[in-house]
Amino acid sequence: MQGLLAWVPLLPLIGFLTLVAFPLFNRHEPSQRTVACIGVGSIGIAALFTAIVAISVFWKNPSEIVNIALWQWMLVDNLELGFNFYIDWLTLVMLMVITGVGFLIHLYSVGYMREDADFRRYFAYLNLFVCAMLILVMADNLVLLYLGWEGVGLCSYLLIGFWYKEPANGAAAQKAFIVTRIGDTAMAIGLFLLFYEFSTLNIPQLTAAIDGPDINNEVVTVACLLLLGGAVGKSAQLPLQTWLPDAMAGPTPVSALIHAATMVTAGVYLIARMHPLYLLSETAMTTVAFVGALTLLLAGFSAIAQSDIKRVLAYSTISQIGYMFLALGVGAWSGAIFHLITHAFFKALLFLSAGSVILSLHHEQNIFSMGGLYRKIPLTFICFTIGCACLAALPFTSGFYSKDHILLSAWEFHQGINILWLAGILGALVTGIYSFRVLFLVFLGREGSASSHCNDANTPVMTIPLCILALLAMIGGLLAPPLQAVFGSRPDEDHSAWIEGVAIAMPLIGLAIAWKLFIYQKKSGEKRSSIMQFWFSGWGFDWLYEHLLVKPFKSLAKINHNDIIDNLYKGTAALSRQLNALLSSSQNGQVRWYLATFAVGSVLFLALLVAL
Amino acid sequence: MTLLAIIIILFAGGLLAWLAERYFQAGGRWISLISLLFTTVLLTNYSSFITSTEAITDNTWWDSLKIPWIPRFGIDFYLAIDGLSFLMLSLTIAMGIFGLIMTWNDIQFRRGFFYFNYLWTLAGVAGVFTAIDLFLFFFFWEVMLIPMLFLIAVWGYERRIYAAIKFFIFTQASSLLMLIAIVGLAYIHYINSGQLTFNYNILLEAQVPSDIAYWLMLGFFIAFIVKLPALPFHTWLPDAHTQAPTAGSILLAAILLKTGAYGLLRFNLPLFPESSILFAPVAMTIGALSVIYGAMLAFAQNDMKRLVAYSSVSHMGFVLLGLYALDTIAIQGAVMQMIAHGLSTAALFALVGALQHRLHTRDMQQLGGVWSKLPKLSAVALFFAVASLGLPGLGNFVAEFTVLVGSFRSNHWLTALAAIGLIGAALYALIMMQRVFFGKLNKRLEKPIQESNTADLNVRETGALLVVAALLVLIGLHPQPIFNISDKTVQMSVNKIESALSFQKFPPKISPLQVHSSRVEPTSIEDNTP
Amino acid sequence: MPIETAPGLEAGVLLASILFCLGLAGLMMRRNVIFMLMSVEICTNAAALMFVVAGAHWGNADGQVMFIFVVTLAAAEVAIALALVLQFYHRKHTVDIDQLNELRG
């Protein structure tokens with residue numbers, strides 16, 4: 001039964017290989033039906049396998065750990081890495097999210113991409129992504145995790161730039177890859193440091209080694225911060241968050257799968273997985289918490305100012321992952337993972353609904369051109385509303401339970417009012433504002449310029465995933481996974497009612513503000529106050545990096561385009577040429593000149609002889 | 001005997017190919033292919049050594065052949081093969097076949113002479129990888145140079161003469177230094193022991209005064225890093241790579257550069273362990289700087305071939321870094337990098353060649369949006385670009401990762417600096433993909449595409465490229481066999497260095513005697529010099 | 001042993017030197033090939049004179065033997081040189097040596 005788990009990442013890989021190898025054996029493109037069967041089927045079976053194992057093995061025994069050793073990857077000196085999988089409840093939760101939500105999004109994609117000529121390429125990338133993501137979460141050592149980590153980065157790059165003919169998409173894809181690569185490099189250095197200190201990169205061994213005596217806390221802190229660098233890059237947190245809004249250039253289901261539900265939460269998974277390490281370092285924990293708090297606020301305010309429906313969702317993703325980091329930073333590991341799960345449900349739902357909107361409006365993404373759509377695409381409207389409610393954490397939605405958990409943990413962490421908790425509360429208010437703002441602007445209020453030619457583009461293959469996700473988003477709050485075996489259990493504490501009250505009230509206030517401000521807002525929308533403009537640009541981070549890093553680097557590269565070092569050799573060559581010209585000018589062919597120099601030379605030579 | 005047979009087959013094959021072209025059209029390439037396949041068959045003789053786990057023989061060498069050549073000067077025709085040589089030899093022949101197949105129809109004039117030079121270069125390289133007599137090594141070192149020079153100068157692109165001369169001067173000047181170092185080493189050994197020999201095995205035990213050893217080491221070092229190439233001796237490479245015909249670029253990138261790295265590992269480290277320890281920080285700095293500098297220059301290029309060429313500088317920087325980390329993991333990684341870089345860069349050059357063959361340009365300002373016209377070629381290029389930026393799961397990652405893990409143990413900051421090269425690799429690889437394959441179809445390409453009825457990769461090319469791609473995946477997922485094969489050679493170098501290190505740290509108590517004996521040496525030099 | 005009745009070594013050497021310098025000066029200053037040839041003749045003869053003077057001074061016949069050699073050499077040289085000059089004139093229609101600079105670097 002446990003052996004089925006090895007098939008889980010293998011199936012998408014087989015799907016990918018089949019789709020890629022198609023033109024080798026067949027002159028014609030395969031039909032969409034074939035591609036869909038392979039692409040969606042492989043993930044579906046993987047999801048099925050995961051479910052079977054979850055029920056048969058893990059359900060009975062939450063502390064079950066499954067090790068699957070495939071083969072020896074590297075064994076050099078004392079560097080020993082296996083291509084091995086390690087599955088505990090944390091992994092299992094991730095597996096279920098990836099395969100489950102992944103399957104739904106694959107299914108939805110069949111409808112969404114039906115008119116695209118590159119149908120096969122799309123599903124090949126998507127399958128490869130799922131495979132890499134599964135390896136990431138199943139890896140039993142950090143290098144294998146890094147393999148998945150970079151693999152998902154590559155797929156993200158490929159899928160953001162999927163419509164490659166538009167140069168802007170390519171630029172966004174490159175930005176995504178390179179910005180995350182900066183984080184990845186920090187993470188790689190972190191791995192080197194961990195190996196240097198502990199002589200192993202195997203996760204269970206690492207966490208075991210930490211219990212040992214004489215642990216150098218400074219090294220652990222540095223390593224944790226470097227790993228955090230990787231997590232920050234992949235999860236689009238401050239200061240490497242700039243790539244995610246641009247990443248919305250990809251097809252919308254991709255945004256749902258990669259840039260909302262799974263890949264961007266890999267950073268959260270990494271820190272949760274390495275939590276024994278972080279527990280050793282107060283500095284690292286505080287940094288994680290503050291990164292999260294700062295990011296959730298910054299991204300939240302940016303989301304208020306956006307005009308592109310997908311960018312709103314992108315900033316909201318950054319903000320929600322900020323909550324997860326906040327949770328990690330205060331040691332609420334299971335809270336972070338719980339929010340990760342519910343977020344995967346409702347954010348996938350939001351993105352897929354947004355995709356339906358976009359498709360129905362013939363690829364219009366500006367929310368100021370929309371409005372009053374609830375009559376034309378009611379199902380999408382319902383799904384989007386559920387998603388928004390979850391996002392804003394209205395009571396009894398899934399988002400409420402998980403976010404509440406985080407806020408309470410932040411409160412507990414310092415036993416009272418503190419900056420982190422305040423940031424979380426303020427963030428909840430902001431979340432309420434931006435999520436209902438987009439709902440009102442798109443579905444309610446006056447009709448916009450694009451609303452008139454809206455055709456419901458939903459096909460059954462799209463509505464089914466939407467409905468399932470809507471259901472999951474509603475009841476997801478009841479699905480808190482039993483992660484005590486991984487993270488240890490925490491004592492429950494009683495909280496005074498007013499803390500709960502504040503947490504419930506904030507989104508509602510946000511809803512009210514959004515109603516007041518945006519329900520009948522003029523559709524011009526382009527005139528923004530300067531603060532809105534600043535938020536719109538994502539707090540000027542792009543501008544800053546452009547001027548601080550990109551431009552200097554580019555101009556430096558341009559200056560050195562011809563390789564300055566080569567001038568050394570070119571100079572040597574030129575010097576020899578000059579000397580040659582000098583000497584050859586004495587070789588002028590004049591016999592009398594030769595004779596004269598000869599005579600002078602002889603006289604000098606004789607003089608020299610005499611003098612000596 | 002097998003070793004001699006391999007080299008002779010390559011030399012003879014070259015001559016035959018030249019002759020055959022006079023009588024049959026395309027005779028040259030068939031003969032080249034057959035002789036290369038024949039050497040492959042011969043190489044399988046050693047398969048028993050691969051499968052057998054280590055420690056089956058105490059002997060360092062799997063196989064050797066020793067024929068007196070110039071006995072008066074103690075020069076033997078001495079070939080031998082061990083794990084490292086075997087890996088390099090396999091890479092040489094595999095990439096020889098790959099280059100041949102990828103450029104099957106490329107050569108339009110003087111074909112016989114082309115294949116003659118092609119095979120002689122390969123023969124020279126095969127000699128370099130198996131020669132154990134230092135003089136013989138130098139001989140082959142020169143042999144591989146001349147035919148390569150012709151390949152660039154005769155069949156190259158626009159500025160081929162300039163590139164060929166530059167290539168020649170750099171390598172020739174540096175190999176002169178190596179010759180001096182070889183003769184110096186043999187001479188000092190002769191003074192000390194009274195035995196004149198160029199035999200590597202014997203010279204390993206040579207007692208060389210440390211200051212002289214340092215200079216000799218530098219002589220070898222410069223010769224090897226010019227070939228590698230590393231900063232600041234890398235400038236011949238972009239020109240030579242860019243101007244060489246596709247097959248020549250493949251040979252240069254996949255094989256010739258490796259002779260430098262091979263030399264460092266085979267000769268520099270074991271022959272001069274003390275000096276290498278002293279010099280290691282400098283060499284590692286050079287390596288790390290090469291990584292960054294190469295990546296940055298690659299990013300700045302417009303010419304696709306130049307971009308790939310500078311990426312080679314960057315990748316080979318990792319090799320230098322790894323070798324001079326003087327750490328088992330790092331050196332193993334360096335060996336792996338030699339192989340992985342050979343495969344990925346050769347494929348990239350082949351792809352640029354294929355692209356130029358079809359579109360008649362490799363200027364990235366004239367390219368763009370090629371994916372829509374040549375999807376297969378573009379997809380394969382994507383694979384190799386991604387391999388070259390070090391995506392985990394492919395060979396280059398295993399190599400770079402092990403190099404960095406290992407060198408981190410000996411120098412934190414330089415390793416961190418080199419790791420920044422990973423970002424640089426992403427920059428240049430992606431900018432190449434973006435500028436050539438993605439985006440809108442460049443208007444300047446519409447005409448050539450229409451006129452030449454450009455076809456995508458054909459079966460021959462696809463097959464060759466897919467085999468290389470599969471090898472990269474295999475190395476990336478299961479590199480252990482290669483680590484095992486090279487283990488013994490690497491261990492030998494590391495042991496040498498470790499014993500030198502322990503000698504430095506804990507000089508044995510008999511050290512006064514050692515000092516005494518080294519004091520005696522100068523007088524003996526004076527005695528013998530007249 | 002030197003012979004006392006000789007007219008004086010100094011005078012002979014001086015004469016030879018002056019002759020040689022004249023020839024050299026002529027070589028350097030004249031552009032006409034014929035005159036340069038004549039200057040060369042003067043130089044060789046100065047050298048030959050030097051042999052004779054030295055031979056007389058040391059009472060050794062070798063100097064006179066050398067003189068014969070020099071004269072023969074000069075004759076041969078003139079024969080070849082004149083032929084060359086003829087060719088030169090034939091091609092360039094001039095006897096100006098400065099026109100003959102095709103071997104310049």
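Reckoned from all heavy atoms, side chains included, excluding hydrogens, waters and symmetry mates. Protein chains get the first letters and strands the later ones, always in sequence-line order, with residue 1 at the start of each.
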Given the options A/Leu191, A/Thr185, A/Ile135, which has more heavy-atom pairs under 4.5 Å with chain B than any of the others?
A/Thr185
Only pairs of heavy atoms separated by less than 4.5 Å count here; which of A/Val20, A/Asn562, A/Asn560 has the most with chain B?
A/Asn560
Between [atom1] of [X] and [atom2] of [Y], what distance do you get to the nearest 0.5 Å?
X        : Y        : atom1 : atom2 : value
B/Leu389 : A/Phe177 : CG    : CZ    : 5.0 Å
B/Leu297 : A/His561 : CG    : NE2   : 9.0 Å
B/Thr415 : A/Leu193 : OG1   : CG    : 11.0 Å
B/Ser372 : A/Tyr164 : OG    : OH    : 4.5 Å
B/Phe401 : A/Leu81  : CZ    : CG    : 6.5 Å
B/Asn484 : A/Leu75  : CG    : CG    : 7.5 Å

Within the 6.0 Å centroid threshold, strictly below: B/His412 and A/Tyr196
yes
State plainly whether the residues A/Asp566 and B/Lys166 are in salt-bridge range, i.e. N to O under 4.0 Å.
yes
A/Asp563 vs B/Arg306, salt bridge (Lys or Arg N to Asp or Glu O under 4.0 Å): CA-CA, chis, key distance, verdict
CA-CA 11 Å; A/Asp563 199 350; B/Arg306 274 187 102 80; over 6 Å; no
With respect to chain A, which residue among B/Gln491, B/His478, B/Gln301, B/Arg409 yields the maximal number of heavy-atom pairs within a distance under 4.5 Å?
B/Arg409
Any donor and acceptor pair, going by atom type alone, linking the side chain of A/Trp73 with main-chain N or O of B/Gln480 inside 3.5 Å?
no
